[in-house]
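Working notes, structure below.
Order of appearance sets the numbers: ligands from 1, and atoms from 1 within every ligand. In this chain, residues are counted from 1 in sequence order.
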Amino acid sequence: MPATAGPDKPQRMSKQTQITRKTVKDIAKAKGGTPLVMLTAYDAPMAELMDPHVDMLLVGDSLGMVVHGLPSTVGVTMEMMILHGQAVMRGSEQAFVVVDMPFGSYETSEDQAFLNAVRIMKETGCQAVKIESGAYAAKQISHLVERGIPVMGHVGLRPQAINVDGGFRAKGRTETEREIVINEARAADRAGAFAIVIEGVAEDLAAEITAEVSCPTIGIGASASCDGQVLVAQDMLGLFDWAPKFVRRYADLRAETESAVKAYADDVRSRKFPGKAETYSLRKP
Ligand code: KIV
């Protein structure tokens, strides 16, 4: 694993203390240019594989569903986000790493948001946090940014709000909903978000938001009219039977994994594994 900053790898005053990762400035500069590439990552080996190819890694609270088997992201805790954030920081060296603030960790007040964001930043070494930003969250965003914490907003389909929305539904398909999503994006932008994830909206709405806000927009199910794209890694790698309409599968790891596991089980049962090559023998004197 590459050496990175973070709680388990204290760095001394040396060349290593120089910033080698992408910064908020690099992300901001990309507005309107070559699309930004972001993927979710939850562990060190995957972060290491993805790192050379992406601009940003998102330790998304989707980990509750795709790693821990929860029915939604609502049950995700600070401890889960921190543990996975540390792993992703250990595995990567150049990507800008964003860690999601989990449901219940920022909504109550600016102070609550700040104290939890500080904990995430200090204990993981990540570069920024992400907040699912209904318009109300603008207060939290500006409070954090003014105090040195870069914040990514997240508008449109907000998975932490599924219990009021009645499920995972595309957003902005009526005039009223459209206004709500545009206002959420405006509020996050004005509050100083360095980028905004737009999830599950029609192309014209994503294009309108992207043209209006000053920071880059990162789409997920929001068309190519955004300044960048993010996908949940497990979805695009084909680890599940089902994926949302907006996912393109770049691999079929579910089938590959199932056939590897079956082949292993068959080999063990028929005593074909382990073979000579996988077995230690007495050293010759
Ligand atoms: O948690 C997550 O993975 C996310 C993406 C869907 C953007 O927020």
Side-chain angles (χ1 to χ4, degrees), residues 27 35-43 46-47 50 54-78 80-85 87-88 92 95-107 117 120 124 126-134 137 141 150-162 165 167-171 181 184-185 188 193-201 206 209-210 215-223 226-237 239-240 242-249:
I27 307 304
L36 287 159
V37 180
M38 189 180 204
L39 271 175
T40 64
Y42 315 105
D43 59 51
M46 285 300 278
M50 293 171 178
V54 300
D55 299 300
M56 292 186 277
L57 288 171
L58 172 64
V59 186
D61 61 353
S62 51
L63 63 82
M65 300 169 77
V66 302
V67 178
H68 292 273
L70 292 171
S72 76
T73 58
V74 170
V76 174
T77 63
M78 283 285 291
M80 287 158 89
M81 296 312 302
I82 287 169
L83 197 64
H84 289 278
V88 168
S92 60
F96 186 88
V97 176
V98 183
V99 175
D100 257 340
M101 295 198 69
F103 180 61
S105 69
Y106 59 91
E107 298 91 330
I120 290 175
T124 68
C126 71
Q127 279 70 58
V129 295
K130 176 161 79 59
I131 284 182
E132 286 191 14
S133 42
I141 296 177
V151 181
M152 176 176 263
H154 182 152
V155 304
L157 194 171
R158 291 189 277 114
Q160 292 176 8
I162 56 153
D165 287 345
F168 294 94
R169 284 193 316 105
K171 277 295 175 84
V181 178
E184 288 171 352
F194 72 91
I196 301 173
V197 167
I198 308 178
E199 180 166 356
V201 307
I209 293 172
T210 301
C215 64
T217 58
I218 313 294
I220 173 160
S223 83
C226 299
D227 297 304
Q229 297 293 325
V230 58
L231 280 178
V232 170
Q234 275 75 351
D235 286 342
M236 70 88 136
L237 292 173
L239 266 164
F240 298 111
W242 179 89
K245 164 188 163 70
F246 56 77
V247 171
R248 184 176 297 170
R249 288 191 173 174

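A pairwise comparison of heavy atoms in Asp61 and Asp100 identifies N-OD2, 2.7 Å as the closest pair. Across all non-hydrogen atoms, the minimal contact from Gln234 to Phe240 is CB-CE1, 3.4 Å. For Gly156 against Glu184, the heavy-atom pair with the smallest separation is N-OE1, 3.3 Å. Scanning all heavy atoms of the two residues, the minimum distance from Leu70 to Gly75 falls at CD1-C, 4.0 Å. Nearest heavy-atom pair, Ile27 versus Pro216, reported as atom, atom and distance to 0.1 Å: O-CG, 3.3 Å. Looking at every heavy atom in both residues, Val76 comes nearest to Gly64 through CG2-CA, 3.6 Å.
When each atom of ligand 1 is checked for a heavy atom of Glu199 under 4.0 Å away, the hits are 6 (C). Below 4.0 Å from some heavy atom of His154 lie the following atoms of ligand 1, by number and element: 8 (O). Using a 4.0 Å cut-off to heavy atoms of Ile220, the atoms of ligand 1 that qualify are 6 (C). In the vicinity of Thr40, heavy-atom distances shorter than 4.0 Å reach the ligand 1 atoms 3 (O).
The side chain of Asp100, and not its backbone, has at least one atom closer than 4.0 Å to an atom of ligand 1 (non-hydrogen atoms only; side chain from C-beta on). Contacts of Leu58 with ligand 1, taken as heavy-atom pairs under 4.0 Å, involve the side chain alone. Proximity of Asp61 to ligand 1, defined as any heavy-atom pair under 4.0 Å, is shared by backbone and side chain alike.
Between Lys130 and ligand 1 there is a heavy-atom distance shorter than 4.0 Å.
Without hydrogens or angle criteria, Thr40 side chain to Val59 main chain gives no donor-acceptor distance under 3.5 Å.
Closest heavy-atom approach to atom 3 (O) of ligand 1 within the set Ser62, Pro102, Gly60, Pro244: this belongs to Ser62.
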